[in-house]
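The chain is numbered in sequence order, starting from 1. Excluded from the calculations below are hydrogen atoms, water molecules and symmetry mates; all remaining heavy atoms, backbone and side chain alike, are included.
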Amino acid sequence: MLHLLIQSVSCGTDAVLGLTRQFLENAIADKGDKASISFPGTNYYFPLINALLNIEVRNFGDCLEALEQAEGLSKGNLTKSGLVISGLGGALNKGVSTLICEEILASSAILNKEHLKEGCSGFISDNVSRSLGLRLIDGRISGIALILGPAKDAPSALELVRSFQARNIVTLLAGNVQGNTFKKQLESKGMELGLENYVVPLGEDYLSAIYALNFVARVPLIYGGFKAGQWQGIVDYIRNRLPAFVLLLGYTDEIIAAASLGTLAFGLPIITDLDLPQLGKAEEALYEALVTEKDYKKIPPKCILTRGIKIKITEVKIPVPYAAAFEGERIKKEDLFVGFGAKAGVSFEFLTTKKPDEIEDGKVELFGPDVEQLEKSKEFLPLALIVEVCGSKMRNDFEPILERCIHRYINYASGITHALARDMNVIRISKDAFNKGFRLKHIGVILHAMLHREYGAIVDKAQVKLYTRQSDIEKLWPKVKNAYDKRDERLSGMTDKSVDTYYSCLVCQSQALNHVCILTPERLGLCGVYSWMDAKVSFEITPTGPNQPIIKGPVFDERLGQWVNINEFVRLKSNKTIEKVSLYSLMDFPQSACSCFECAVAIVPEANGVIVAHRDYSGMTPCGMTFTALAGLIGTGAQTPGFLGIGKSYILSKKFISAEGGLRRLLWMPKELKEALADKLRKRCFEIGEPDLINKIADETIATNSEELLRFLKEKQHPALKMEPMV
C-alpha cells in the first residue's frame with residue numbers, strides 16, 4: 001500500500017511539473033520572460049518559493065528558475081539553497097516540488113483573474129498573515145486546519161467547524177467534489193464565514209490550498225527572525241511551533257496526494273476520512289503522519305491528538321458554544337431575540353471592589369424579569385450589569401481594566417454580542433442562543449469564570465447582579481456615574497509633556513484589524529473607558545497584554561503630535577498600513593478608529609470648523625451624515641483625514657484637535673451631549689479666553705444642515721469663521 005501511495009505521488013508531481021512548464025513556456029512566448037507577475041498585498045514575492053529557495057519571483061523568468069529548482073528537487077537533487085528533505089523514499093521532496101509548482105500556477109490564475117471566487121479570500125495578504133500569526137503566538141488561536149474537499153453532508157460540515165471553533169482553531173477551506181464545497185455546505189446551514197468567525201474559504205478548487213502553505217511559510221519570516229533561503233530553520237519552526245494540520249475529506253487524486261505529502265514535509269500531518277495507507281510516526285510530522293478517521297464526531301479530537309495541539313478550555317457552563325472564535329460574530333436584525341442598551345434609557349455596566357464578607361463567589365442574581373418575560377415593545381431594553389469583586393491584591397486602579405474585559409468575555413459566547421462600554425454598552429442575544437437556553441444569568445456565569453481564569457492572581461471572589469427594571473437602574477445610576485467621574489479625574493493636572501511614555505491599546509483589533517489606539521495623559525481611548533493611567537495599570541497586571549508602554553523618543557512634529565517611536569510602533573502594530581499618526585490633528589495623519597468610539601468628529605469645510613455627534617444621536621448632522629454613516633466611514637481601522645473617533649471627554653482636553661486650533665473649531669453638537677458636558681465645557685471656554693463660546697455652538701434645534709449652521713455662526717460671530725482655513 002505504501003509503495004502504491006509513493007507511486008501515486010510520483011505521478012502527481014510529474015503531472016504538475018509538466019503543466020507548470022507548459023504554462024511558463026506559453027507565457028514567456030506570449031509576454032516575454034521579463035513580464036511582471038506577483039501576488040497582491042505581500043512584500044515576500046512568492047512566499048513559499050522565497051522562503052525555501054531564496055528566489056525573489058518578480059517575472060516569468062524568475063518563475064522558470066524556480067521551476068528548474070523544483071524539477072531537480074523532485075529527483076532528489078539539492079537546490080541552490082541546499083534544500084532537500086529525506087523520508088518516504090523521496091516522496092517528500094516530490095511533494096515540496098508540487099507545492100512550488102502550485103504556487104506558480106496559482107499566481108498565473110490571479111494574473112488572468114480566473115482564480116478568485118465570490119466569498120473566497122484567495123491569497124492571504126501580509127496584513128492578514130501578521131494578524132493570524134500574532135493570534136497564534138499569543139494563544140488566541142490554538143491551531144490552523146486546512147480542510148480539503150467537502151464533508152459527507154452539510155450537518156457534518158457544520159458540526160466539524162463548530163467543534164474547531166470551540167477549540168479556537170481557524171479553518172481554511174479549499175477544494176470541491178463535483179461542484180460541492182465545504183463552503184457551500186456551511187452556507188446552506190446559515191453559518192457566517194470570514195476570519196472574524198475563524199472560518200476562511202480560500203477558493204473552490206484544490207489549487208487554492210497553496211494559499212494556506214504560503215501563509216505558513218511567512219510565519220517564520222515574520223515572527224521567527226529567519227531569512228529567505230534558511231529552509232532548515234523555517235521548516236523546523238513550522239514543524240515545532242506552528243500547530244497546523246490538513247484534513248482531507250471525500251476525495252483524492254495523484255496531484256492532491258502529492259501536494260498533501262508536501263505539507264507533511266513541513267510537519268503538518270494529514271487526517272482523512274478516506275481509506276489510505278497509514279504511514280505511522282514520521283520524524284517530519286513529530287506524530288503520526290497520515291491518520292484515517294471515518295467517525296466525524298471523532299475527527300476534531302483525532303486532529304488535535306495527531307498534531308499535538310494544546311487546547312486551553314475554560315469551564316464556562318452555558319448552553320451555547322464559548323470560545324474566542326465567536327468574538328467577531330454579528331447578529332442581524334432578523335436574528336435578534338432581544339437587545340439591551342443603545343437608546344433604551346439608562347443602561348450600563350460597572351465593576352467595583354467590595355469587602356470579602358460582602359461577596360459570595362459565583363453568585364449571580366437577577367433583579368427583574370428575564371429575557372423571555374420582558375415586554376419587547378422596543379427593539380432594545382434597559383439593563384444594569386454590576387460585577388463585584390474582591391481580592392487581597394485587588395486595587396481600585398484595577399477596576400476599569402477588569403471592567404473593559406466584559407466586552408471580550410461576553411463576545412466569546414456564540415450568539416451573544418457586546419459593543420461599547422460603560423453607559424453606552426449594547427448587548428444582543430440571538431434567537432438561536434435563546435432557543436438553546438441562554439438567559440441573562442449566563443452572562444454572570446461567563447464573567448465569573450473568565451475573571452477567575454485570567455485574573456485569578458488578583459480576583460479571589462466575584463459575583464454578578466443584573467437589573468432589568470428601569471426604576472432599579474435609575475436608582476443605581478447616580479452612584480455609578482459618580483464612580484465614572486472619579487476615574488476620569490485621576491489624570492487631572494497631568495500633561496502629555498509631563499511623561500516620557502505613552503501606552504498602546506489593541507483591545508479592539510478583533511473589530512478593526514489595523515487599528516491602534518495611543519493613550520496619553522491628555523487623550524483617553526476613543527471608547528471613553530481606557531485612560532493613560534488605566535493602560536499603565538493594565539500593563540502592570542498583564543505585561544504581555546494589549547496595553548504596552550512606548551517611550552516617545554525624539555519629536556517628529558510637535559504641532560501635530562508625532563514622535564519617532566510612536567510612529568514606528570503604530571506602523572508595526574497596524575500591520576504596516578499606517579506610517580504616521582498625529583495625536584493632535586484631525587487633518588494630517590489622524591488616529592484610526594475601531595467601532596467603539598463614543599463620538600464622531602467631522603469637518604464642515606464651508607464653516608471652517610468641526611461638528612461632534614455622539615452615539616445616541618440619531619438625527620442628521622450639518623456635515624450631511626448621521627452618526628451611523630459617520631461610524632461606517634471612520635470605524636474601519638484606516639486613517640480618514642477630516643474625521644475622527646473620540647471619547648466624549650476628549651472634547652474637554654487641551655489637546656483636542658489642537659493642531660487645527662482646538663475647541664475654537666467646535667461648531668455644533670447634539671443638545672443632549674452639550675448639556676451633559678455643559679459645566680466642564682463652560683470652564684474650558686473660559687480657559688481659552690472665549691467665555692461665550694458655548695452659546696455660539698449650535699445644536700440640532702438650530703441647524704441640521706450646513707446652510708442653517710452658517711447663518712447661526714455668522715449671527716453669533718463664531719471664532720472659527722475668522723481662523724485660517726482647515727482645508
Rounded at 0.5 Å granularity, tell me how far [atom1] in [X] sits from [atom2] in [Y].
| X | Y | atom1 | atom2 | answer |
| --- | --- | --- | --- | --- |
| Leu630 | Ile611 | CG | CD1 | 6.0 Å |
| Glu598 | Leu673 | CD | CG | 9.5 Å |
| Leu526 | Ile646 | CG | CD1 | 9.0 Å |
| Ile427 | Ile443 | CD1 | CD1 | 4.5 Å |
| Glu558 | Asp496 | CD | CG | 11.0 Å |
| His515 | Gln591 | NE2 | CD | 6.0 Å |

Under 4.0 Å between a side-chain nitrogen and a carboxylate oxygen: does that hold for [X] and [Y]?
| X | Y | value |
| --- | --- | --- |
| Asp679 | Lys683 | no |
| Glu399 | Lys486 | no |
| Asp357 | Lys355 | no |
| Arg330 | Glu192 | no |
| Arg439 | Glu372 | yes |

For the residue pair [X] and [Y], confirm or rule out a side-chain donor-acceptor distance under 3.5 Å.
| X | Y | value |
| --- | --- | --- |
| Gln463 | Glu388 | yes |
| Asp432 | Ser430 | no |
| Asp588 | Ser582 | no |

Worksheet item: Would Met394 and Leu402 satisfy side chain to side chain contact (heavy atoms under 4.5 Å, CB included), going step by step from the backbone distance to the final call?
Response: CA-CA 10 Å; Met394 184 66 194; Leu402 272 60; 4.1 Å; yes
Worksheet item: Is the side chain of Ser498 donor-acceptor paired with the backbone N or O of Met494 at a distance under 3.5 Å, no angle test?
Response: no
Worksheet item: Taking the side chain from Asn411 and the backbone from His407, do they hold a donor-acceptor pair closer than 3.5 Å?
Response: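 At least one qualifying donor-acceptor pair exists.
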Worksheet entry | Closest heavy-atom pair and its distance - Val371, Phe337 |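 Minimum heavy-atom separation between Val371 and Phe337: O-CE2, 3.9 Å.
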Worksheet entry | Contacts of Glu474 that satisfy side chain to side chain donor-acceptor pair (under 3.5 Å) - sequence neighbours left out | Gln470
Worksheet entry | Derivation of the side chain to side chain contact (heavy atoms under 4.5 Å, CB included) call for Ile401 and Asn547 | CA-CA 10 Å; Ile401 288 85; Asn547 303 113; 5.7 Å; no
Worksheet item: Would you call the rings of Tyr503 and Trp532 parallel, tilted or perpendicular, where under 30° means parallel and over 60° means perpendicular?
Response: perpendicular
Item to complete: Take the angle between the ring planes of Tyr650 and Phe656 and call it parallel below 30°, perpendicular above 60°, tilted in between.
Response: perpendicular
Practice prompt. Test His614 against every option in Lys674, Glu672, Lys648 by the side chain to side chain donor-acceptor pair (under 3.5 Å) rule and name the one that passes.
Written response: Glu672
Discussion item. Check for me whether Arg422 meets the cation-pi criterion with Phe348, that is, NZ or CZ under 6.0 Å from the six-membered ring centre and within 45 degrees of the ring axis.
Written reply: no
Item to complete: Check the pair Trp563, Tyr502 against ring-ring contact (aromatic ring centres under 6.0 Å, His included), reporting the backbone distance first and the verdict last.
Response: CA-CA 11 Å; Trp563 288 264; Tyr502 294 162; 5.3 Å; yes
